[in-house]
Undergrad: 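Just passing along the structure, written as structure tokens.
In what follows, every chain begins at residue 1, and chains take the letters A, B, ... in the order their sequences are listed. Every heavy atom of this structure was used, including side-chain atoms; hydrogens, water molecules and symmetry mates were not.
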Number of protein chains: 2
Amino acid sequence: MNEPDDLRATAEQLALDTISMAKAGGMPDDYWPRDPRIARACLVLGITPEEARELPADAYLTGLPRAVTPSVPLEVWTDGACSGNPGPGGWGWITNEAEPRKGSGGDPATTNQRMEIAAALNALKSVTERPIVVVSDSTYVVNCITKKWYVGWQRNGWKNSKKEPVANRDLWEEFVPLATAAGVTLRWVKGHAGHPLNEAADQLAVAARDAAKAQGAPV
Amino acid sequence: MNEPDDLRATAEQLALDTISMAKAGGMPDDYWPRDPRIARACLVLGITPEEARELPADAYLTGLPRAVTPSVPLEVWTDGACSGNPGPGGWGWITNEAEPRKGSGGDPATTNQRMEIAAALNALKSVTERPIVVVSDSTYVVNCITKKWYVGWQRNGWKNSKKEPVANRDLWEEFVPLATAAGVTLRWVKGHAGHPLNEAADQLAVAARDAAKAQGAPV
RNA sequence: CGACACCUUAUGUU
DNA sequence: AACATAAGGTGTCG
């Protein structure tokens, strides 16, 4: 498809090549996990050195066997930002891959909650591999799925527990089917707790927010 | 005493001076209520222009005669607070006087409704002047009196409309006689609407609640 | 079913 | 220290 995907495929192939050659070259078992070339290969493939040692010799021809589950699951970290709330806002997402994929967007008039949903929604639209973990610091987004708030909403005609209309229904109706599909997990993390990818997603969101602000309020 | 009190005494004296001078100056009766200086003086003293016109000429020397009842009725503003509900709770009340009287108390294990009743009950126990207006943001407390819920309860042996025992009967049995006595009026106000005395009563309740919490759960 | 109140949680800001 | 955006709940009455 696009350049990052091609690059990623190439990197994975090179990693498999490296591992095959190391096996063929008779690298000793105890040195295996300490070789930097093996370490790089494992990082790209998302597997441990032990898992790499178990790979068949022809893995460079056949690809990663399905039986070898990557030990580092794919994650998309998401975040939203909103100046003033309500006000101009932005969202951003970034994957935990060696060469992270990223996305961002903004809206000149929105709320913090819409931006948090939009971050997760656009992440799931853009990153289609499964299984995947969507990471968010918003209990609003995570609890909707993990505590099955959406089940009650759909049952009561999109009314919340106070019998008022559920807010941001348009985004939820897009997000819920994607987030409840097979292989999608939601995970909450505390914001501003130093998680590097949470900070990276925040910076994407803030940049998009500021762009939306500049666009929405031209001076 | 303190600075605000001194300031208030000074303001009241200036108001009396103004009224005395207006009388001495022969201000016409029909103009009297429309003069902004008189209006300001009346506001400070809590009396009507008509009452001001009836003041003796030497009121600026003798002070406000006791016979002139302030036209601003006495009010007690009440509020309750309860952490968790049920949980540790507190109540508070404060009068609308120039030097407000206040009261508060707490309970390490109670409900929001008990605290709302307790606030009004303790206010009526402590402030014995009549007439008096008890102000609460709880329809539970106000409607019991103004919609005469208590009449039905007493008639049915303290059963509510679902034929279950009326909750908080112990407090109601103390409160109802006091609240239905001559000169006692109940008034409802919306909570969190910026009424300064509602906020003041809330702060008293919250402080008492936090004290009860600290006392009830010593670490 | 309606009403009022009391909270709990997280995020976004000013 | 204050407000907004949102969800969940209990306490109580008619």
Undergrad: First and last nucleotide of DNA chain D in contact with chain B, 5' to 3', at under 4.0 Å to a heavy atom: what are they?
TA: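 Terminal contacting nucleotides, 5' to 3': D:dT10 to D:dG14.
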
Undergrad: Taking only Lys NZ, Arg NE, NH1 and NH2, and the carboxylate oxygens of Asp or Glu, determine whether A:Glu129 and A:Arg101 approach each other closer than 4.0 Å.
TA: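 A salt bridge links A:Glu129 with A:Arg101.
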
Undergrad: Between B:Ser83 and C:U8, is there a side-chain N or O to OP1/OP2 distance below 4.0 Å?
TA: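 Indeed, a polar side-chain atom of B:Ser83 lies that close.
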
Undergrad: Can the ring centroids of B:Trp172 and B:Trp153 be said to lie less than 6.0 angstrom from one another?
TA: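 Yes, the ring of B:Trp172 comes within the 6.0 Å limit of the ring of B:Trp153, centre to centre.
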
Undergrad: Would you say a side-chain N or O of B:Arg209 is under 4.0 Å from OP1 or OP2 of C:C7?
TA: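 Looking at the OP1 and OP2 atoms of C:C7, one of them is under 4.0 Å from a side-chain N or O of B:Arg209.
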
Undergrad: Whole Å only: how far is the CD1 atom of A:Ile117 from the C1' atom of C:U11?
TA: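 About 12 Å, once rounded to whole Å.
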
Undergrad: Once hydrogens and angles are ignored, does a donor-acceptor distance under 3.5 Å link the base of C:A5 to the side chain of B:Asp137?
TA: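 Answer is no: no donor-acceptor pair is held.
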
Undergrad: With a 4.0 Å limit, can you tell me whether A:Lys147 has a side-chain N or O closer than that to the phosphate oxygens OP1/OP2 of C:U9?
TA: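 So the side-chain polar atoms of A:Lys147 never come under 4.0 Å of the phosphate oxygens OP1 or OP2 of C:U9.
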
Undergrad: In chain order, what residues pass the salt bridge (Lys or Arg N to Asp or Glu O under 4.0 Å) check against B:Arg187, with sequence neighbours excluded?
TA: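 By the salt bridge (Lys or Arg N to Asp or Glu O under 4.0 Å) rule, B:Arg187 matches B:Glu75.
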
Undergrad: When only distance counts, do a donor and an acceptor, one from the side chain of B:Asn85 and one from the base of C:C6, lie under 3.5 Å apart?
TA: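 Indeed, a donor on one side and an acceptor on the other fall under 3.5 Å apart.
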
Undergrad: Name the nucleic acid region contacted by B:Val142, choosing base, sugar-phosphate or nothing; use a 4.0 angstrom heavy-atom cut-off, strictly under.
TA: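 B:Val142: no heavy atom of the nucleic acid under 4.0 Å.
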
Undergrad: Is a salt bridge present between A:Lys213 and A:Asp107, judged by a nitrogen-to-oxygen distance below 4.0 Å?
TA: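 The answer is no: the pair does not qualify as a salt bridge.
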
Undergrad: At less than 4.0 Å, is any side-chain N or O atom of B:His192 found next to OP1 or OP2 of C:A5? Yes or no.
TA: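 The answer is no; no side-chain N or O of B:His192 sits under 4.0 Å from OP1 or OP2.
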
Undergrad: Could you pick out which residue, B:Val206 or B:Thr139, lies toward the 5' side of RNA chain C when each is mapped onto its nearest nucleotide?
TA: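 Nearest-nucleotide comparison on RNA chain C picks B:Thr139.
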
Undergrad: Between P on C:G2 and NZ on B:Lys162, what's the gap in Å once rounded to a whole number?
TA: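 Spelled out: NZ on B:Lys162 to P on C:G2 is 14 Å.
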
Undergrad: Tell me: CH2 of B:Trp188 to C1' of C:A5, nearest whole Å?
TA: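 One finds 10 Å between C1' of C:A5 and CH2 of B:Trp188, rounded.
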
